[in-house]
Colleague: 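Here you go, one structure.
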There are 2 protein chains.
Amino acid sequence: MENFIPEALFSMLERRDELSVAERKALESLSWRQRSYGDGDEIIPERSEPTESCLLVEGLAARSRQLANGNRQLTAVHVPGDFVDLHGLLLKVMDHAVMALAPCRMAFAPHSEVRRIAAEFPHLGRLLFMTVAIDAAIQRNWIACMGRMDPLRHIAYLVCEVYCRLDVVGQVKDRAFDFPVTQSEVADLVGLSIVHTNRTIQELRASGHVTWQGNQVIVHDWDGLARLADFDPTYLNLVRRPR
Amino acid sequence: MENFIPEALFSMLERRDELSVAERKALESLSWRQRSYGDGDEIIPERSEPTESCLLVEGLAARSRQLANGNRQLTAVHVPGDFVDLHGLLLKVMDHAVMALAPCRMAFAPHSEVRRIAAEFPHLGRLLFMTVAIDAAIQRNWIACMGRMDPLRHIAYLVCEVYCRLDVVGQVKDRAFDFPVTQSEVADLVGLSIVHTNRTIQELRASGHVTWQGNQVIVHDWDGLARLADFDPTYLNLVRRPR
DNA sequence: CGTTTAATTGAAAAGTATCAAAGGATGTGG
DNA sequence: CCACATCCTTTGATACTTTTCAATTAAACG
(Lines give C-alpha, C1' and ligand atoms only; values in the text may rest on other atoms or scores of the structure.)
Protein backbone atom coordinates (compact mmCIF):
# COMPACT_ATOMS: atom_id res chain seq x y z
CA MET A 1 0.00 0.00 0.00
CA GLU A 2 2.00 2.93 -1.21
CA ASN A 3 1.74 6.20 0.65
CA PHE A 4 -0.94 5.39 3.15
CA ILE A 5 -1.30 8.25 5.59
CA PRO A 6 -2.91 7.31 8.89
CA GLU A 7 -4.77 10.57 9.30
CA ALA A 8 -7.24 9.32 11.85
CA LEU A 9 -4.39 8.02 13.99
CA PHE A 10 -2.77 11.44 13.82
CA SER A 11 -6.01 13.07 14.99
CA MET A 12 -6.29 10.56 17.81
CA LEU A 13 -2.72 11.13 19.01
CA GLU A 14 -2.55 14.86 18.42
CA ARG A 15 -5.63 15.35 20.48
CA ARG A 16 -3.46 14.13 23.39
CA ASP A 17 0.00 15.46 22.59
CA GLU A 18 2.06 17.06 19.88
CA LEU A 19 3.57 14.85 17.19
CA SER A 20 6.88 15.92 15.71
CA VAL A 21 7.45 15.81 11.99
CA ALA A 22 9.87 12.91 12.47
CA GLU A 23 7.27 11.01 14.46
CA ARG A 24 4.64 11.49 11.79
CA LYS A 25 7.08 10.40 9.14
CA ALA A 26 7.94 7.33 11.21
CA LEU A 27 4.28 6.36 11.37
CA GLU A 28 3.85 6.96 7.67
CA SER A 29 6.94 4.92 6.89
CA LEU A 30 5.50 1.70 8.27
CA SER A 31 4.70 -0.84 5.57
CA TRP A 32 0.98 -0.47 5.88
CA ARG A 33 -1.22 -3.06 4.27
CA GLN A 34 -4.89 -2.23 3.93
CA ARG A 35 -7.87 -4.49 3.88
CA SER A 36 -11.65 -4.16 3.98
CA TYR A 37 -14.13 -6.14 6.01
CA GLY A 38 -17.87 -6.55 5.80
CA ASP A 39 -20.40 -6.12 8.57
CA GLY A 40 -19.88 -8.86 11.15
CA ASP A 41 -16.62 -10.15 9.73
CA GLU A 42 -13.99 -11.43 12.07
CA ILE A 43 -10.90 -9.24 11.81
CA ILE A 44 -8.67 -10.96 14.33
CA PRO A 45 -9.69 -14.39 15.63
CA GLU A 46 -9.58 -15.38 19.28
CA ARG A 47 -6.43 -17.38 20.18
CA SER A 48 -4.59 -16.23 17.07
CA GLU A 49 -1.09 -14.81 17.32
CA PRO A 50 -1.02 -11.74 15.10
CA THR A 51 2.28 -10.55 13.68
CA GLU A 52 0.85 -7.23 12.61
CA SER A 53 -0.78 -4.44 14.57
CA CYS A 54 -3.95 -3.12 13.15
CA LEU A 55 -5.39 0.32 12.92
CA LEU A 56 -9.05 1.04 12.29
CA VAL A 57 -9.21 3.49 9.39
CA GLU A 58 -12.90 3.56 8.66
CA GLY A 59 -15.98 1.90 10.11
CA LEU A 60 -16.71 0.55 13.55
CA ALA A 61 -15.22 -2.49 15.29
CA ALA A 62 -15.55 -4.30 18.60
CA ARG A 63 -13.68 -6.69 20.81
CA SER A 64 -15.73 -9.78 21.38
CA ARG A 65 -15.49 -12.55 23.90
CA GLN A 66 -17.43 -15.74 23.47
CA LEU A 67 -18.40 -17.61 26.63
CA ALA A 68 -18.85 -21.32 27.10
CA ASN A 69 -22.56 -20.87 27.83
CA GLY A 70 -22.99 -19.54 24.32
CA ASN A 71 -23.32 -15.91 25.32
CA ARG A 72 -21.25 -13.20 23.81
CA GLN A 73 -19.96 -10.06 25.46
CA LEU A 74 -18.49 -7.15 23.57
CA THR A 75 -15.78 -5.61 25.72
CA ALA A 76 -14.82 -2.58 23.65
CA VAL A 77 -15.93 -0.47 20.73
CA HIS A 78 -13.36 0.95 18.36
CA VAL A 79 -13.64 4.00 16.19
CA PRO A 80 -11.46 5.22 13.32
CA GLY A 81 -7.99 6.20 14.54
CA ASP A 82 -7.88 3.47 17.16
CA PHE A 83 -4.75 1.37 17.04
CA VAL A 84 -6.81 -1.70 17.77
CA ASP A 85 -4.10 -4.20 18.05
CA LEU A 86 -1.20 -2.93 19.97
CA HIS A 87 -2.45 -5.33 22.63
CA GLY A 88 -1.49 -8.20 20.37
CA LEU A 89 2.00 -6.81 20.00
CA LEU A 90 2.54 -6.87 23.74
CA LEU A 91 0.50 -9.93 24.60
CA LYS A 92 1.17 -12.30 21.71
CA VAL A 93 -1.93 -14.48 21.98
CA MET A 94 -5.38 -12.98 21.46
CA ASP A 95 -7.68 -13.71 24.39
CA HIS A 96 -10.62 -12.30 22.45
CA ALA A 97 -11.64 -11.62 18.87
CA VAL A 98 -11.90 -8.34 17.02
CA MET A 99 -14.89 -8.05 14.72
CA ALA A 100 -16.41 -5.51 12.38
CA LEU A 101 -19.61 -3.91 13.70
CA ALA A 102 -20.01 -2.32 10.29
CA PRO A 103 -18.07 -2.38 7.05
CA CYS A 104 -14.50 -1.49 8.01
CA ARG A 105 -11.21 -0.58 6.45
CA MET A 106 -8.22 -1.66 8.49
CA ALA A 107 -4.53 -0.91 8.02
CA PHE A 108 -1.95 -3.41 9.23
CA ALA A 109 1.68 -2.78 10.13
CA PRO A 110 4.23 -5.44 11.14
CA HIS A 111 4.91 -5.73 14.87
CA SER A 112 8.65 -5.67 14.17
CA GLU A 113 8.38 -2.24 12.57
CA VAL A 114 6.14 -0.85 15.27
CA ARG A 115 8.61 -2.10 17.86
CA ARG A 116 11.41 -0.48 15.91
CA ILE A 117 9.84 2.99 15.72
CA ALA A 118 8.77 2.77 19.36
CA ALA A 119 12.39 2.11 20.32
CA GLU A 120 13.78 4.73 18.00
CA PHE A 121 11.26 7.40 19.04
CA PRO A 122 10.58 6.78 22.73
CA HIS A 123 8.08 9.60 22.95
CA LEU A 124 6.11 8.19 20.05
CA GLY A 125 6.35 4.79 21.69
CA ARG A 126 4.84 6.21 24.85
CA LEU A 127 2.01 7.75 22.86
CA LEU A 128 1.26 4.43 21.23
CA PHE A 129 1.26 2.64 24.54
CA MET A 130 -0.83 5.47 25.93
CA THR A 131 -3.58 4.34 23.58
CA VAL A 132 -3.48 0.97 25.31
CA ALA A 133 -3.74 2.74 28.66
CA ILE A 134 -6.69 4.75 27.39
CA ASP A 135 -8.37 1.54 26.27
CA ALA A 136 -7.81 0.25 29.78
CA ALA A 137 -9.30 3.41 31.29
CA ILE A 138 -12.34 3.06 29.06
CA GLN A 139 -12.75 -0.54 30.13
CA ARG A 140 -12.56 0.42 33.78
CA ASN A 141 -15.43 2.76 33.20
CA TRP A 142 -17.39 0.05 31.48
CA ILE A 143 -16.89 -2.14 34.52
CA ALA A 144 -18.28 0.62 36.70
CA CYS A 145 -21.21 1.08 34.32
CA MET A 146 -22.04 -2.60 34.30
CA GLY A 147 -21.67 -3.07 38.00
CA ARG A 148 -23.25 0.00 39.46
CA MET A 149 -25.37 1.83 36.93
CA ASP A 150 -28.93 1.10 35.97
CA PRO A 151 -29.49 0.24 32.30
CA LEU A 152 -30.77 3.67 31.34
CA ARG A 153 -27.69 5.44 32.62
CA HIS A 154 -25.44 2.76 31.24
CA ILE A 155 -26.74 3.15 27.71
CA ALA A 156 -26.72 6.92 28.07
CA TYR A 157 -23.08 6.61 29.09
CA LEU A 158 -22.33 4.52 26.03
CA VAL A 159 -23.83 7.20 23.83
CA CYS A 160 -21.76 9.89 25.55
CA GLU A 161 -18.57 7.94 25.14
CA VAL A 162 -19.07 7.04 21.51
CA TYR A 163 -20.06 10.62 20.82
CA CYS A 164 -16.83 11.98 22.31
CA ARG A 165 -14.62 9.42 20.65
CA LEU A 166 -16.15 9.91 17.23
CA ASP A 167 -15.90 13.64 17.68
CA VAL A 168 -12.12 13.37 18.07
CA VAL A 169 -11.87 12.00 14.55
CA GLY A 170 -14.41 14.36 13.04
CA GLN A 171 -17.28 11.93 12.74
CA VAL A 172 -19.81 13.99 14.65
CA LYS A 173 -21.71 16.53 12.59
CA ASP A 174 -24.39 18.76 14.04
CA ARG A 175 -24.49 16.82 17.28
CA ALA A 176 -25.30 13.65 15.31
CA PHE A 177 -23.33 10.55 14.46
CA ASP A 178 -23.74 7.30 12.65
CA PHE A 179 -23.97 4.29 14.94
CA PRO A 180 -24.49 1.25 12.73
CA VAL A 181 -25.21 -1.35 15.39
CA THR A 182 -28.27 -3.49 15.96
CA GLN A 183 -29.99 -3.54 19.32
CA SER A 184 -28.77 -7.08 19.70
CA GLU A 185 -25.22 -5.76 19.50
CA VAL A 186 -26.02 -3.01 21.98
CA ALA A 187 -27.31 -5.75 24.27
CA ASP A 188 -23.99 -7.55 23.99
CA LEU A 189 -22.20 -4.30 24.70
CA VAL A 190 -24.06 -3.52 27.89
CA GLY A 191 -24.73 -7.06 29.08
CA LEU A 192 -28.52 -7.02 28.96
CA SER A 193 -31.11 -9.06 27.09
CA ILE A 194 -32.26 -7.80 23.71
CA VAL A 195 -35.75 -7.13 24.96
CA HIS A 196 -34.62 -5.15 27.95
CA THR A 197 -32.15 -3.25 25.80
CA ASN A 198 -34.95 -2.32 23.45
CA ARG A 199 -37.11 -1.05 26.28
CA THR A 200 -34.23 0.90 27.75
CA ILE A 201 -33.45 2.57 24.45
CA GLN A 202 -37.09 3.56 24.22
CA GLU A 203 -36.82 5.00 27.70
CA LEU A 204 -33.73 6.93 26.67
CA ARG A 205 -35.59 8.32 23.67
CA ALA A 206 -38.48 9.26 25.92
CA SER A 207 -36.11 11.20 28.15
CA GLY A 208 -35.83 13.60 25.24
CA HIS A 209 -32.07 13.88 25.31
CA VAL A 210 -31.49 11.90 22.15
CA THR A 211 -33.07 10.78 18.95
CA TRP A 212 -31.96 7.30 18.01
CA GLN A 213 -33.57 6.02 14.84
CA GLY A 214 -31.94 3.31 12.79
CA ASN A 215 -28.24 4.00 12.65
CA GLN A 216 -28.42 7.66 13.42
CA VAL A 217 -28.05 9.10 16.89
CA ILE A 218 -28.71 12.79 17.51
CA VAL A 219 -27.85 14.29 20.86
CA HIS A 220 -30.23 17.16 21.50
CA ASP A 221 -29.17 18.00 24.99
CA TRP A 222 -25.58 17.08 25.73
CA ASP A 223 -25.56 18.51 29.23
CA GLY A 224 -28.70 16.70 30.21
CA LEU A 225 -27.44 13.44 28.77
CA ALA A 226 -24.07 13.75 30.47
CA ARG A 227 -25.80 14.58 33.75
CA LEU A 228 -28.08 11.58 33.40
CA ALA A 229 -25.13 9.28 32.75
CA ASP A 230 -22.82 10.94 35.28
CA PHE A 231 -20.40 11.21 32.39
CA ASP A 232 -17.02 12.82 33.01
CA PRO A 233 -14.71 12.67 29.99
CA THR A 234 -11.52 12.89 32.04
CA TYR A 235 -10.76 9.22 31.43
CA LEU A 236 -10.68 9.79 27.67
CA ASN A 237 -7.65 12.01 28.14
CA LEU A 238 -8.80 14.55 25.61
CA VAL A 239 -6.23 17.06 26.78
CA ARG A 240 -3.21 18.02 24.76
CA ARG A 241 -0.15 17.93 26.98
CA PRO A 242 3.37 16.49 27.02
CA ARG A 243 3.29 12.80 27.86
CA MET B 1 15.36 3.99 50.48
CA GLU B 2 18.73 2.50 49.86
CA ASN B 3 19.02 -0.77 47.99
CA PHE B 4 15.41 -1.66 47.54
CA ILE B 5 15.11 -4.70 45.29
CA PRO B 6 11.73 -5.10 43.61
CA GLU B 7 11.71 -8.89 43.84
CA ALA B 8 7.98 -9.29 43.29
CA LEU B 9 8.21 -7.17 40.14
CA PHE B 10 11.00 -9.40 38.90
CA SER B 11 8.82 -12.49 39.47
CA MET B 12 5.93 -10.83 37.70
CA LEU B 13 8.02 -9.88 34.66
CA GLU B 14 10.18 -12.99 34.48
CA ARG B 15 7.11 -15.13 34.42
CA ARG B 16 6.44 -13.48 31.03
CA ASP B 17 9.92 -12.97 29.56
CA GLU B 18 13.59 -13.03 30.43
CA LEU B 19 15.11 -10.00 32.13
CA SER B 20 18.73 -9.21 31.35
CA VAL B 21 21.13 -8.29 34.12
CA ALA B 22 21.23 -4.74 32.80
CA GLU B 23 17.45 -4.54 32.88
CA ARG B 24 17.31 -5.77 36.47
CA LYS B 25 19.98 -3.29 37.43
CA ALA B 26 18.03 -0.52 35.72
CA LEU B 27 14.94 -1.35 37.76
CA GLU B 28 16.97 -1.53 40.96
CA SER B 29 18.63 1.78 40.17
CA LEU B 30 15.39 3.74 40.32
CA SER B 31 15.16 6.01 43.36
CA TRP B 32 12.55 3.96 45.10
CA ARG B 33 10.72 5.47 48.03
CA GLN B 34 8.74 3.10 50.19
CA ARG B 35 5.64 3.73 52.20
CA SER B 36 3.11 1.70 54.16
CA TYR B 37 -0.66 2.00 54.17
CA GLY B 38 -3.34 0.67 56.46
CA ASP B 39 -6.45 -1.26 55.50
CA GLY B 40 -8.77 0.98 53.50
CA ASP B 41 -6.28 3.82 53.07
CA GLU B 42 -6.32 5.79 49.89
CA ILE B 43 -3.00 5.32 48.08
CA ILE B 44 -3.65 7.49 45.02
CA PRO B 45 -6.63 9.83 45.05
CA GLU B 46 -9.01 10.22 42.13
CA ARG B 47 -8.23 13.26 39.95
CA SER B 48 -4.69 13.56 41.32
CA GLU B 49 -1.74 13.87 38.97
CA PRO B 50 0.93 11.54 40.29
CA THR B 51 4.56 12.22 39.47
CA GLU B 52 5.67 8.81 40.64
CA SER B 53 4.73 5.33 39.52
CA CYS B 54 3.89 2.94 42.25
CA LEU B 55 4.59 -0.71 42.72
CA LEU B 56 2.70 -2.92 45.15
CA VAL B 57 5.31 -4.71 47.25
CA GLU B 58 3.17 -6.35 49.87
CA GLY B 59 -0.53 -6.51 50.63
CA LEU B 60 -3.57 -6.18 48.40
CA ALA B 61 -4.88 -3.09 46.60
CA ALA B 62 -7.73 -2.14 44.34
CA ARG B 63 -8.75 0.49 41.85
CA SER B 64 -11.91 2.18 42.95
CA ARG B 65 -14.41 4.33 41.16
CA GLN B 66 -16.98 6.32 43.05
CA LEU B 67 -20.25 7.04 41.27
CA ALA B 68 -22.51 10.02 41.69
CA ASN B 69 -25.30 7.83 43.07
CA GLY B 70 -23.05 6.98 45.99
CA ASN B 71 -22.19 3.50 44.80
CA ARG B 72 -18.66 2.30 44.52
CA GLN B 73 -17.24 -0.10 41.98
CA LEU B 74 -13.84 -1.73 42.30
CA THR B 75 -12.42 -2.16 38.83
CA ALA B 76 -9.24 -4.07 39.53
CA VAL B 77 -7.45 -5.99 42.23
CA HIS B 78 -3.70 -5.71 42.55
CA VAL B 79 -1.30 -8.20 44.05
CA PRO B 80 2.37 -7.83 45.00
CA GLY B 81 4.56 -7.32 41.96
CA ASP B 82 1.95 -5.24 40.15
CA PHE B 83 3.23 -1.95 38.83
CA VAL B 84 -0.01 -0.30 39.83
CA ASP B 85 0.61 3.08 38.48
CA LEU B 86 2.13 3.01 35.10
CA HIS B 87 -1.32 4.14 33.98
CA GLY B 88 -0.69 7.42 35.73
CA LEU B 89 2.57 7.87 33.90
CA LEU B 90 0.85 7.60 30.54
CA LEU B 91 -2.43 9.22 31.40
CA LYS B 92 -1.44 12.04 33.76
CA VAL B 93 -4.75 12.50 35.56
CA MET B 94 -6.19 9.69 37.67
CA ASP B 95 -9.74 8.85 36.63
CA HIS B 96 -10.08 6.56 39.64
CA ALA B 97 -8.52 6.03 43.04
CA VAL B 98 -6.17 3.31 44.21
CA MET B 99 -6.86 2.03 47.71
CA ALA B 100 -5.47 -0.55 50.10
CA LEU B 101 -7.72 -3.60 50.54
CA ALA B 102 -5.39 -4.67 53.32
CA PRO B 103 -2.26 -3.25 54.92
CA CYS B 104 0.11 -2.55 52.02
CA ARG B 105 3.68 -1.63 51.37
CA MET B 106 4.15 0.39 48.21
CA ALA B 107 7.33 1.49 46.46
CA PHE B 108 7.32 4.68 44.41
CA ALA B 109 9.65 5.67 41.58
CA PRO B 110 9.64 9.01 39.72
CA HIS B 111 7.94 9.00 36.35
CA SER B 112 10.96 10.76 34.84
CA GLU B 113 13.22 7.88 35.80
CA VAL B 114 10.79 5.24 34.60
CA ARG B 115 10.52 7.08 31.30
CA ARG B 116 14.30 7.21 31.11
CA ILE B 117 14.88 3.49 31.62
CA ALA B 118 12.02 2.65 29.26
CA ALA B 119 13.71 4.74 26.58
CA GLU B 120 17.17 3.40 27.32
CA PHE B 121 16.06 -0.24 27.46
CA PRO B 122 13.26 -0.55 24.91
CA HIS B 123 12.68 -4.20 25.68
CA LEU B 124 12.26 -3.42 29.37
CA GLY B 125 9.97 -0.58 28.40
CA ARG B 126 7.83 -2.99 26.42
CA LEU B 127 7.65 -5.32 29.38
CA LEU B 128 6.51 -2.52 31.63
CA PHE B 129 3.85 -1.43 29.16
CA MET B 130 2.94 -5.09 28.77
CA THR B 131 1.78 -4.99 32.38
CA VAL B 132 -0.64 -2.25 31.40
CA ALA B 133 -1.87 -4.43 28.53
CA ILE B 134 -2.30 -7.35 30.91
CA ASP B 135 -4.32 -5.14 33.23
CA ALA B 136 -6.46 -4.27 30.21
CA ALA B 137 -6.88 -7.94 29.34
CA ILE B 138 -7.95 -8.68 32.90
CA GLN B 139 -10.46 -5.88 32.78
CA ARG B 140 -11.90 -7.18 29.53
CA ASN B 141 -12.51 -10.47 31.25
CA TRP B 142 -14.18 -8.71 34.14
CA ILE B 143 -16.51 -7.02 31.69
CA ALA B 144 -17.42 -10.40 30.26
CA CYS B 145 -17.94 -11.79 33.76
CA MET B 146 -20.19 -8.92 34.77
CA GLY B 147 -22.20 -8.91 31.60
CA ARG B 148 -22.70 -12.53 30.81
CA MET B 149 -21.94 -14.75 33.79
CA ASP B 150 -24.24 -15.58 36.65
CA PRO B 151 -23.00 -14.53 40.09
CA LEU B 152 -21.79 -17.98 41.09
CA ARG B 153 -19.54 -18.32 38.08
CA HIS B 154 -18.41 -14.74 38.36
CA ILE B 155 -17.21 -15.15 41.93
CA ALA B 156 -15.67 -18.50 41.07
CA TYR B 157 -13.83 -16.72 38.27
CA LEU B 158 -12.58 -14.08 40.67
CA VAL B 159 -11.19 -16.80 42.92
CA CYS B 160 -9.46 -18.48 39.97
CA GLU B 161 -7.89 -15.25 38.83
CA VAL B 162 -6.65 -14.13 42.22
CA TYR B 163 -5.32 -17.64 42.82
CA CYS B 164 -3.27 -17.57 39.60
CA ARG B 165 -1.97 -14.08 40.11
CA LEU B 166 -0.94 -14.68 43.70
CA ASP B 167 0.70 -17.93 42.64
CA VAL B 168 3.00 -16.01 40.28
CA VAL B 169 4.49 -14.17 43.23
CA GLY B 170 4.63 -17.18 45.52
CA GLN B 171 1.67 -16.30 47.70
CA VAL B 172 -0.21 -19.55 47.24
CA LYS B 173 0.75 -22.36 49.59
CA ASP B 174 -0.91 -25.76 49.55
CA ARG B 175 -3.64 -24.55 47.24
CA ALA B 176 -4.56 -21.87 49.78
CA PHE B 177 -4.14 -18.12 49.85
CA ASP B 178 -4.90 -15.18 52.03
CA PHE B 179 -7.70 -12.98 50.73
CA PRO B 180 -8.24 -10.22 53.26
CA VAL B 181 -11.39 -8.66 51.84
CA THR B 182 -14.83 -8.25 53.38
CA GLN B 183 -17.92 -9.49 51.59
CA SER B 184 -18.89 -5.88 51.13
CA GLU B 185 -15.68 -5.40 49.16
CA VAL B 186 -16.34 -8.55 47.14
CA ALA B 187 -19.76 -7.08 46.37
CA ASP B 188 -18.11 -3.93 45.04
CA LEU B 189 -15.75 -6.07 42.99
CA VAL B 190 -18.47 -8.09 41.29
CA GLY B 191 -21.18 -5.46 41.20
CA LEU B 192 -23.77 -7.20 43.35
CA SER B 193 -25.49 -6.30 46.59
CA ILE B 194 -23.87 -7.43 49.81
CA VAL B 195 -26.72 -9.78 50.60
CA HIS B 196 -26.63 -11.48 47.25
CA THR B 197 -22.86 -11.70 47.39
CA ASN B 198 -23.11 -13.41 50.73
CA ARG B 199 -25.59 -15.94 49.40
CA THR B 200 -23.50 -16.58 46.34
CA ILE B 201 -20.37 -17.19 48.38
CA GLN B 202 -22.35 -19.68 50.43
CA GLU B 203 -23.42 -21.34 47.22
CA LEU B 204 -19.81 -21.48 46.09
CA ARG B 205 -18.82 -23.08 49.37
CA ALA B 206 -21.66 -25.56 48.99
CA SER B 207 -20.34 -26.54 45.56
CA GLY B 208 -17.45 -28.08 47.44
CA HIS B 209 -14.73 -26.63 45.26
CA VAL B 210 -13.46 -24.15 47.82
CA THR B 211 -13.34 -23.41 51.50
CA TRP B 212 -13.63 -19.69 52.18
CA GLN B 213 -13.58 -18.83 55.84
CA GLY B 214 -12.54 -15.41 57.03
CA ASN B 215 -9.57 -14.32 55.00
CA GLN B 216 -8.43 -17.74 53.92
CA VAL B 217 -9.43 -19.34 50.66
CA ILE B 218 -8.56 -22.98 49.97
CA VAL B 219 -9.12 -24.41 46.53
CA HIS B 220 -9.82 -28.12 46.90
CA ASP B 221 -10.64 -28.88 43.32
CA TRP B 222 -8.97 -26.55 40.87
CA ASP B 223 -10.22 -28.33 37.78
CA GLY B 224 -13.78 -28.31 38.98
CA LEU B 225 -13.59 -24.66 39.94
CA ALA B 226 -12.03 -23.66 36.63
CA ARG B 227 -14.67 -25.64 34.77
CA LEU B 228 -17.44 -24.00 36.75
CA ALA B 229 -16.07 -20.54 36.00
CA ASP B 230 -15.09 -21.34 32.42
CA PHE B 231 -11.68 -20.03 33.41
CA ASP B 232 -8.93 -19.99 30.80
CA PRO B 233 -5.71 -18.34 32.03
CA THR B 234 -4.51 -17.39 28.54
CA TYR B 235 -5.33 -13.74 29.18
CA LEU B 236 -2.93 -13.63 32.14
CA ASN B 237 -0.06 -14.27 29.75
CA LEU B 238 1.70 -16.64 32.09
CA VAL B 239 3.98 -17.84 29.33
CA ARG B 240 7.65 -17.00 29.19
CA ARG B 241 8.51 -15.85 25.69
CA PRO B 242 10.27 -13.00 23.92
CA ARG B 243 8.08 -9.92 23.84
C1' DC C 1 -17.87 -7.37 78.78
C1' DG C 2 -19.82 -3.99 76.06
C1' DT C 3 -19.16 -2.02 71.42
C1' DT C 4 -18.43 -2.20 66.77
C1' DT C 5 -18.00 -4.42 62.46
C1' DA C 6 -18.92 -8.32 59.52
C1' DA C 7 -21.73 -12.31 58.20
C1' DT C 8 -26.11 -14.31 57.81
C1' DT C 9 -31.24 -14.90 57.41
C1' DG C 10 -36.20 -14.02 55.90
C1' DA C 11 -39.61 -11.64 53.38
C1' DA C 12 -41.30 -8.22 50.18
C1' DA C 13 -40.44 -5.21 46.33
C1' DA C 14 -38.17 -4.15 42.18
C1' DG C 15 -35.73 -5.35 38.18
C1' DT C 16 -34.55 -8.48 34.31
C1' DA C 17 -34.79 -12.54 31.38
C1' DT C 18 -37.37 -15.52 28.71
C1' DC C 19 -40.98 -16.95 25.68
C1' DA C 20 -44.02 -16.11 22.05
C1' DA C 21 -45.73 -13.30 18.68
C1' DA C 22 -46.71 -9.17 15.93
C1' DG C 23 -45.15 -5.19 13.23
C1' DG C 24 -41.69 -2.87 10.07
C1' DA C 25 -38.12 -2.37 7.08
C1' DT C 26 -35.31 -4.06 3.42
C1' DG C 27 -34.02 -6.73 -0.48
C1' DT C 28 -34.83 -10.33 -4.18
C1' DG C 29 -37.00 -12.57 -7.86
C1' DG C 30 -40.88 -12.91 -10.60
C1' DC D 1 -44.83 -3.34 -8.81
C1' DC D 2 -46.05 -7.25 -6.03
C1' DA D 3 -45.10 -11.55 -3.27
C1' DC D 4 -42.04 -13.41 -0.37
C1' DA D 5 -38.26 -14.03 2.74
C1' DT D 6 -35.31 -12.20 6.12
C1' DC D 7 -33.74 -9.52 9.69
C1' DC D 8 -34.61 -6.16 13.14
C1' DT D 9 -37.65 -3.82 16.34
C1' DT D 10 -41.39 -3.78 19.34
C1' DT D 11 -44.99 -5.62 22.52
C1' DG D 12 -47.28 -8.45 26.28
C1' DA D 13 -47.22 -11.89 29.74
C1' DT D 14 -44.88 -14.79 32.92
C1' DA D 15 -41.03 -16.71 35.50
C1' DC D 16 -36.96 -15.87 37.60
C1' DT D 17 -33.21 -13.09 39.75
C1' DT D 18 -31.58 -9.50 42.51
C1' DT D 19 -32.15 -5.68 45.58
C1' DT D 20 -33.84 -3.67 49.56
C1' DC D 21 -35.35 -3.55 54.22
C1' DA D 22 -35.15 -5.20 58.72
C1' DA D 23 -33.35 -8.22 62.01
C1' DT D 24 -30.38 -11.59 64.03
C1' DT D 25 -26.13 -14.07 64.85
C1' DA D 26 -21.10 -14.24 64.94
C1' DA D 27 -16.60 -12.39 65.33
C1' DA D 28 -13.16 -8.89 66.52
C1' DC D 29 -11.47 -5.41 69.64
C1' DG D 30 -10.37 -2.43 73.40
Side-chain angles (χ1 to χ4, degrees), chain A residues 38-41 60 67 69-74 99-103 144-156 158-159 178-207 210-217, chain B residues 38-41 60 62 67 69-74 99-103 144-156 158-159 178-206 210-217:
Chain A
D39 186 2
D41 284 359
L60 206 62
L67 278 80
N69 60 19
N71 287 148
R72 176 179 77 161
Q73 175 71 45
L74 302 180
M99 56 163 288
L101 284 178
C145 288
M146 304 191 82
R148 294 297 187 214
M149 275 186 179
D150 59 63
L152 178 62
R153 283 156 214 278
H154 187 175
I155 292 183
L158 178 67
V159 172
D178 210 49
F179 196 43
V181 296
T182 65
Q183 294 190 355
S184 156
E185 288 165 333
V186 175
D188 285 342
L189 283 168
V190 297
L192 296 172
S193 69
I194 299 181
V195 172
H196 201 60
T197 300
N198 173 273
R199 290 181 170 132
T200 307
I201 289 175
Q202 290 180 53
E203 198 184 342
L204 182 62
R205 289 190 192 116
S207 78
V210 307
T211 296
W212 182 342
Q213 289 299 339
N215 293 342
Q216 171 157 267
V217 178
Chain B
D39 185 2
D41 284 0
L60 206 62
L67 278 81
N69 59 19
N71 287 148
R72 177 179 76 161
Q73 175 72 44
L74 302 180
M99 55 161 289
L101 284 178
C145 288
M146 303 191 83
R148 293 300 187 212
M149 276 186 178
D150 59 63
L152 177 62
R153 284 156 213 278
H154 187 176
I155 293 184
L158 178 66
V159 172
D178 210 48
F179 196 44
V181 295
T182 65
Q183 293 189 356
S184 155
E185 288 165 333
V186 175
D188 285 342
L189 284 168
V190 296
L192 296 172
S193 69
I194 299 181
V195 171
H196 201 58
T197 300
N198 174 273
R199 290 179 170 132
T200 307
I201 289 175
Q202 291 179 53
E203 198 184 343
L204 182 62
R205 290 190 191 114
V210 306
T211 297
W212 183 343
Q213 290 299 339
N215 294 341
Q216 170 157 267
V217 178

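Just so it is clear: chains get the letters A, B, ... in the order the sequence lines come, proteins before strands, and each one is counted from 1.
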Colleague: Roughly how far, to the nearest 0.5 Å, is the OG atom of B:S184 from the CG atom of B:N198?
Modeller: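 Atom-to-atom, B:N198:CG and B:S184:OG are 11.5 Å apart.
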
Colleague: Could you give the distance from CD (A:Q216) to CG (A:D178), rounded to the nearest 0.5 Å?
Modeller: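 Atom-to-atom, A:Q216:CD and A:D178:CG are 7.0 Å apart.
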
Colleague: With a 4.0 Å limit, can you tell me whether A:Q183 has a side-chain N or O closer than that to the phosphate oxygens OP1/OP2 of D:dC7?
Modeller: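 So the side-chain polar atoms of A:Q183 never come under 4.0 Å of the phosphate oxygens OP1 or OP2 of D:dC7.
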
Colleague: Please tell me if B:Q202 has a side-chain N or O lying less than 4.0 Å from either OP1 or OP2 of C:dT9.
Modeller: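 For C:dT9, OP1 or OP2 has a side-chain N or O of B:Q202 closer than 4.0 Å.
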
Colleague: Quick check: does any side chain N or O of A:E185 sit under 3.5 Å from a backbone N or O of A:T182, one acting as donor and the other as acceptor?
Modeller: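 Side chain of A:E185 to backbone of A:T182: a pair is present.
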
Colleague: Could you give the CG-to-C1' distance, from A:N69 to C:dT18, as a whole number of Å?
Modeller: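 That distance rounds to 15 Å.
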
Colleague: Along nucleotides 19-30 of chain D, 5' to 3', which nucleotides get a B, which get an S, and which get a -, given that the test is a protein heavy-atom distance under 4.0 Å?
Modeller: BBB---------

Colleague: Can you name the one residue among A:L192, A:V181, A:T200, A:L74 that meets side chain to side chain contact (heavy atoms under 4.5 Å, CB included) with A:V186?
Modeller: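 So the option named by the test is A:V181.
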
Colleague: In whole angstroms, how far is the C1' atom of C:dT18 from the CG atom of B:D150?
Modeller: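 After rounding, the reported distance stands at 16 Å.
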
Colleague: Roughly how many Å is it from CG in A:L204 to P in D:dT9, rounded to a whole number?
Modeller: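 Whole-Å distance recorded here is 15 Å.
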
Colleague: Atom CG of A:L152 and atom P of C:dG15: how far apart are they, to the nearest Å?
Modeller: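 The distance from CG of A:L152 to P of C:dG15 comes to 12 Å, rounded to the nearest Å.
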
Colleague: Should B:N198 be listed as having a side-chain N or O under 4.0 Å from OP1 or OP2 of C:dT8?
Modeller: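 True: B:N198 side-chain N/O within range (under 4.0 Å) of C:dT8 OP1/OP2.
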
Colleague: Can you measure from CG (A:L189) to CD (A:Q183) and round to the nearest 0.5 angstrom?
Modeller: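 Here the rounded value is 12.0 Å.
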
Colleague: How many Å lie between CG on A:N215 and P on C:dT26, as a whole number?
Modeller: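 Atom-to-atom, A:N215 to C:dT26, this comes out as 10 Å.
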
Colleague: Starting from C1' on C:dG15, measure out to CZ on A:R153 and report it in whole angstrom.
Modeller: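 My rounded result for the distance is 15 Å.
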
